[in-house]
Amino acid sequence: DTGVSQNPRHKITKRGQNVTFRCDPISEHNRLYWYRQTLGQGPEFLTYFQNEAQLEKSRLLSDRFSAERPKGSFSTLEIQRTEQGDSAMYLCASSSDRGQYEQYFGPGTRLTVT
Amino acid sequence: GENVEQHPSTLSVQEGDSAVIKCTYSDSASNYFPWYKQELGKRPQLIIDIRSNVGEKKDQRIAVTLNKTAKHFSLHITETQPEDSAVYFCAPQAGTALIFGKGTTLSVSS
């Protein structure tokens, strides 16, 4: 177990509803990343935090998506007005900034939009 | 942006054989080159990585080789076992984000 946890593990929602996911990184890691993975594809980068600052956002992150990391510990990813195309596995990863690059992933939240 | 390609997309070997997966990338600024293993329904698991100042790294049955001039790096698995069956992703890092390839499905039959 790498220590990154995510909740919930599964979420089924109806189109148009809002959903929020939570990620708890490895405790000493101050870098946190969100990725999205669809079936048969590799994970795609969404956004990156260093401590509480959101430093990078992918063009994949539409304005219906918002991520926060208010105290530099856990992070939330909210999707507003969900669409069927949002169905995917949402993965969180964390890493240290002490000259190390390794990103360790959580188990993911599988979102199904009906 | 970074363009990442993996070959082959599927690979079937007999237990005990070797397996090699190649990853090519386009961004010459990439300086970190990890490989992840993902079993069905599980999280991507970092299995080996290499930095741009090193040409080869080995960890027991797994090795990674890097050719920065040609912009490719490869995963080598020797003495394959059925539990090596999974999807393997290369994910060169350009900046902060890992850019994942489409994956290689490795099947090891006993």
Side-chain angles (χ1 to χ4, degrees), chain A residues 1-7 9-10 23-26 29-51 53-61 67 69 88-97 99-110 112, chain B residues 1-10 21-25 27 29-54 57 59 62 64 66 73 75 86-106:
Chain A
D1 193 307
T2 63
V4 179
S5 62
Q6 292 185 245
N7 287 289
R9 296 291 308 276
H10 302 273
C23 170
D24 288 88
I26 293 171
H29 285 180
N30 58 354
R31 294 183 173 184
L32 187 147
Y33 314 79
W34 285 97
Y35 291 82
R36 179 173 68 188
Q37 185 175 25
T38 53
L39 201 62
Q41 302 295 316
E44 296 173 294
F45 171 74
L46 293 178
T47 191
Y48 156 67
F49 289 85
Q50 178 150 350
N51 299 311
Q54 188 174 17
L55 297 183
E56 193 170 337
K57 291 195 287 187
S58 162
R59 281 172 287 180
L60 290 176
L61 209 67
R69 195 182 182 198
M89 176 74 84
Y90 289 84
L91 292 160
C92 174
S94 70
S95 71
S96 167
D97 66 350
Q100 298 175 1
Y101 298 84
E102 297 90 343
Q103 294 186 25
Y104 296 97
F105 282 82
T109 295
R110 179 166 296 284
T112 303
Chain B
E2 176 86 278
N3 184 36
V4 177
E5 292 189 2
Q6 272 183 246
H7 295 281
S9 57
T10 60
I21 304 169
K22 183 175 178 179
C23 181
T24 60
Y25 61 95
D27 190 343
S30 294
N31 57 3
Y32 173 63
F33 307 91
W35 284 94
Y36 283 83
K37 174 184 180 182
Q38 189 173 32
E39 297 174 77
L40 193 62
K42 301 271 183 80
R43 72 187 77 191
Q45 178 188 3
L46 177 66
I47 57 171
I48 197 165
D49 57 11
I50 195 167
R51 288 160 177 71
S52 58
N53 59 343
V54 177
K57 181 178 176 181
D59 182 4
I62 295 173
V64 54
L66 171 65
F73 63 112
L75 176 69
V87 180
Y88 291 82
F89 293 99
C90 64
Q93 185 172 23
T96 50
L98 297 175
I99 309 300
F100 282 78
K102 292 187 183 299
T104 296
T105 301
L106 174 64

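Labels below follow one simple rule: chain letters A, B, ... track the order of the sequence lines, proteins then strands, and each chain is numbered from 1.
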Side-chain heavy-atom pair B/Tyr32, A/Gln103 within 4.5 angstrom cut-off: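 B/Tyr32 vs A/Gln103: side chains apart.
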
Side-chain heavy atoms of B/Leu98 within contact of A/Tyr35, under 4.5 Å: yes

Heavy-atom proximity to chain B below 4.5 Å, by part of A/Gln6: neither

Where is the tightest heavy-atom contact between [X] and [Y], given as atom of each residue plus distance?
X: B/Thr96; Y: A/Tyr33; value: O-CE2, 3.5 Å
X: B/Arg43; Y: A/Gly106; value: CB-O, 3.1 Å
X: A/Phe45; Y: B/Ala97; value: CG-CB, 3.4 Å

Test: B/Lys102 and A/Glu44 ion pair at under 4.0 Å: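 No, B/Lys102 and A/Glu44 are not salt-bridged.
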
Contacting region of B/Gln6 [heavy-atom separation from chain A under 4.5 Å]: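 For B/Gln6, there is no contact with chain A at all, as no heavy atom is under 4.5 Å.
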
